[in-house]
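The block underneath contains the structure these notes are about, expressed in structure tokens.
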Amino acid sequence: NAGVTQTPKFQVLKTGQSMTLQCAQDMNHEYMSWYRQDPGMGLRLIHYSVGAGITDQGEVPNGYNVSRSTTEDFPLRLLSAAPSQTSVYFCASTPGASPYNEQFFGPGTRLTVL
Amino acid sequence: AQTVTQSQPEMSVQEAETVTLSCTYDTSENNYYLFWYKQPPSRQMILVIRQEAYKQQNATENRFSVNFQKAAKSFSLKISDSQLGDTAMYFCAYGRRGSQGNLIFGKGTKLSVKP
């Protein structure tokens, strides 16, 4: 199993550009989530999904969209990038429809918005 | 709103010694989960240990154990026989049972294990 994979590992955007961060897992996990990690901060939840076709907002959803058309994939879209979205983004998955089992994290995407 | 506080931004310990990382949280809920996650320099987040609030017994995982004081809302992590590979950021996190959403993370403690 590859676990949770994220692409790209690094990305630089200009203000106003859009892009999609990819996340995939091959463990047949129902629950998937996106977090952002800013310097000196813990992780903050952006969006999550408890299964294919079901998504919901987390703590900091503004400026981001998600969809979950398959169990495996959970892409995160930045609609119009802003410097405040410069961060490291982590995707995670967990068996069952709850985040309270062990979450398996991807390696992260470091995003810089100029 | 629930909050998680880690009061030690940085700590260091000699190899083979024991270190305790502090975490306190604020909640009015009775059923919840608490976690310690480790983030080594590779950036990969790894679960260290998990505690369910209704369980009075403190969780242990090999060299890692917790001191869970529910009334005091305290959840400290003890690392015994520290190893160089334990060098990492450690995050305490809280999750309300029955909620499908947030884990609330603390700001982390940077632990350095010195040879």
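Here is how names work: the chains are called A, B, and so on, in the same order as the sequence lines, proteins then strands, and each is numbered from 1. Since the model is a prediction, treat every value here as computed from it, not as a measurement.
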Verify same cluster id: [X], [Y] (apolar side-chain graph, 4.5 Å):
| X | Y | answer |
| --- | --- | --- |
| A:V66 | A:I46 | yes |
| A:Y64 | A:L13 | yes |
| B:W36 | B:V113 | yes |
| A:L45 | A:L76 | no |
| B:V4 | B:F91 | no |

B:F105 versus A:M41: any side-chain heavy-atom pair under 4.5 Å?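 No, their side chains stay 4.5 Å or more apart.
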Do the side chains of B:L103 and A:Y35 get nearer than 4.5 Å, heavy atoms only?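 When only atoms from C-beta onward are counted, B:L103 and A:Y35 do touch, with a gap below 4.5 Å.
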Looking at CG of A:D38 and NZ of B:K107, how far apart are the two atoms once the value is rounded to the nearest 0.5 Å?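 NZ of B:K107 is found 11.0 Å from CG of A:D38.
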Between B:F35 and A:Q103, does the side-chain contact (heavy atoms from CB on, under 4.5 Å) criterion hold? Intermediate values first, please. CA-CA 10 Å; B:F35 305 83; A:Q103 293 203 48; over 6 Å; no
List the residues meeting side chain to side chain donor-acceptor pair (under 3.5 Å) with A:T15, not counting sequence neighbours, and say none if there are none.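 Once residues adjacent in sequence are excluded, A:T15 has no partner under the side chain to side chain donor-acceptor pair (under 3.5 Å) criterion.
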For B:Y32, check side chain to side chain donor-acceptor pair (under 3.5 Å) against everything at least two apart and list the hits.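 Counting only residues at least two positions away or on another chain, B:Y32 forms a side chain to side chain donor-acceptor pair (under 3.5 Å) with B:Y25.
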Exceeds 12 heavy-atom contacts within 6.0 angstrom, atom CZ of A:R44: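 Counting neighbours around CZ of A:R44, more than 12 heavy atoms of other residues, nucleotides or ligands fall under 6.0 Å, so yes.
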[X], part contacting chain B, at a heavy-atom distance under 4.5 Å:
| X | value |
| --- | --- |
| A:Q37 | side chain |
| A:F90 | side chain |
| A:V88 | side chain |

Taking 4.5 Å as the heavy-atom cut-off, does anything in residues 62-88 of chain B contact chain A, and if so which residues?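 From residues 62-88 of chain B, none sit under 4.5 Å of chain A.
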Could you list which of residues 40-52 of chain B have a heavy atom closer than 4.5 Å to any heavy atom of chain A, in residue-number order?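 B:R43, B:Q44, B:M45, B:L47, B:R50 fall under the 4.5 Å cut-off.
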